[in-house]
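Worksheet for the structure shown next.
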Amino acid sequence: ILSCKGFLDTGNKLKDPISKKYIIILSKKILVPFINNKSPIYVPYKALNKKGLIKCYKVKSISINNQIFNNYLVGLSDDNFKINGTDALLNYKLMEDLCLEK
């Protein structure tokens, strides 16, 4: 179990084209101790005139405000986020999923 502070990033529309899972981006520094020997999934991305592959991992579930979500991957960011101590950039899809769950 990993607990962190997230920011709902409406610009984060990353989605794995194969599994169709949406991606939440976490700061690499907090996720690395939890990875162990899991095999990553590389997902192509294009953002701010940059293209590449983001290293992602499957997670059992994500809990936000006591609601459980299963259709997400966690992607690693080498950068630390500078948004009020945020460790995660939540995918825009969560906004929709949070509203549907209520």
Side-chain angles (χ1 to χ4, degrees):
I1 295 175
L2 170 66
S3 181
C4 63
K5 185 176 180 180
F7 176 79
L8 184 58
D9 182 4
T10 57
N12 176 5
K13 298 183 187 320
L14 287 171
K15 183 178 180 180
D16 177 18
I18 296 170
S19 70
K20 307 295 185 215
K21 291 185 179 198
Y22 293 90
I23 300 170
I24 293 172
I25 303 170
L26 272 145
S27 176
K28 184 177 182 178
K29 69 176 177 140
I30 67 163
L31 191 61
V32 167
F34 293 90
I35 294 172
N36 298 325
N37 292 324
K38 292 186 178 190
S39 297
I41 299 166
Y42 292 94
V43 177
Y45 74 90
K46 183 177 177 184
L48 300 173
N49 299 323
K50 291 171 64 176
K51 291 194 263 188
L53 296 173
I54 185 168
K55 189 186 289 189
C56 297
Y57 293 91
K58 293 179 184 178
V59 292
K60 287 184 183 178
S61 63
I62 295 167
S63 174
I64 300 173
N65 296 337
N66 296 319
Q67 295 178 24
I68 305 295
F69 303 96
N70 297 309
N71 200 32
Y72 289 87
L73 296 172
V74 173
L76 294 182
S77 171
D78 289 329
D79 298 328
N80 292 325
F81 310 121
K82 306 215 182 334
I83 309 169
N84 297 331
T86 297
D87 296 312
L89 296 179
L90 305 175
N91 194 289
Y92 85 103
K93 180 76 168 96
L94 274 168
M95 186 168 45
E96 183 180 304
D97 288 349
L98 283 166
C99 290
L100 290 175
E101 293 288 326
K102 288 188 177 186

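Everything quoted here is computed from the prediction, not taken from an experiment.
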What distance do [X] atom [atom1] and [Y] atom [atom2] have between them, rounded to the nearest 0.5 Å?
{"X": "Leu26", "Y": "Leu73", "atom1": "CG", "atom2": "CG", "answer": "11.5 Å"}
{"X": "Ile30", "Y": "Ser77", "atom1": "CD1", "atom2": "OG", "answer": "10.5 Å"}
{"X": "Asp78", "Y": "Lys28", "atom1": "CG", "atom2": "NZ", "answer": "4.5 Å"}
{"X": "Lys58", "Y": "Ile41", "atom1": "NZ", "atom2": "CD1", "answer": "5.0 Å"}
{"X": "Leu89", "Y": "Thr10", "atom1": "CG", "atom2": "OG1", "answer": "11.0 Å"}

Do [X] and [Y] make a side-chain contact, defined as non-hydrogen atoms from C-beta onward lying under 4.5 Å apart?
{"X": "Leu14", "Y": "Val43", "value": "no"}
{"X": "Leu94", "Y": "Tyr72", "value": "yes"}
{"X": "Tyr45", "Y": "Lys51", "value": "no"}
{"X": "Cys4", "Y": "Thr86", "value": "no"}

When every non-hydrogen atom of Ile68 is compared with those of Ser63, the smallest separation belongs to CD1-CB, 3.7 Å

Please name the pair of heavy atoms, one in Cys56 and one in Ile23, separated by the smallest distance, quoted to 0.1 Å.
SG-CD1, 3.7 Å

I'd like to know if the side chain of Asn91 reaches the main chain of Ile24, judged simply by a donor and an acceptor atom lying under 3.5 Å from each other, with no hydrogens or angles considered.
no

Salt bridge (Lys or Arg N to Asp or Glu O under 4.0 Å) contacts in which one or both residues fall within residues 8-23, not counting sequence neighbours:
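Checked against salt bridge (Lys or Arg N to Asp or Glu O under 4.0 Å) - neighbours excluded - no pair reaches residues 8-23.
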
Should the ring pair Tyr22 and Tyr92 be called parallel, tilted or perpendicular, given that the plane angle runs from 0 to 90° and is split at 30 and 60?
perpendicular

Please tell me whether Ile64 and Leu8 are part of a single hydrophobic cluster in this structure, the criterion being side-chain heavy atoms less than 4.5 Å apart.
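Linked, Ile64 and Leu8 end up in one cluster.
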
Same cluster or not: Tyr42 versus Tyr57, using hydrophobic residues (I, L, V, M, F, W, Y) connected whenever any side-chain heavy atoms lie under 4.5 Å apart?
no

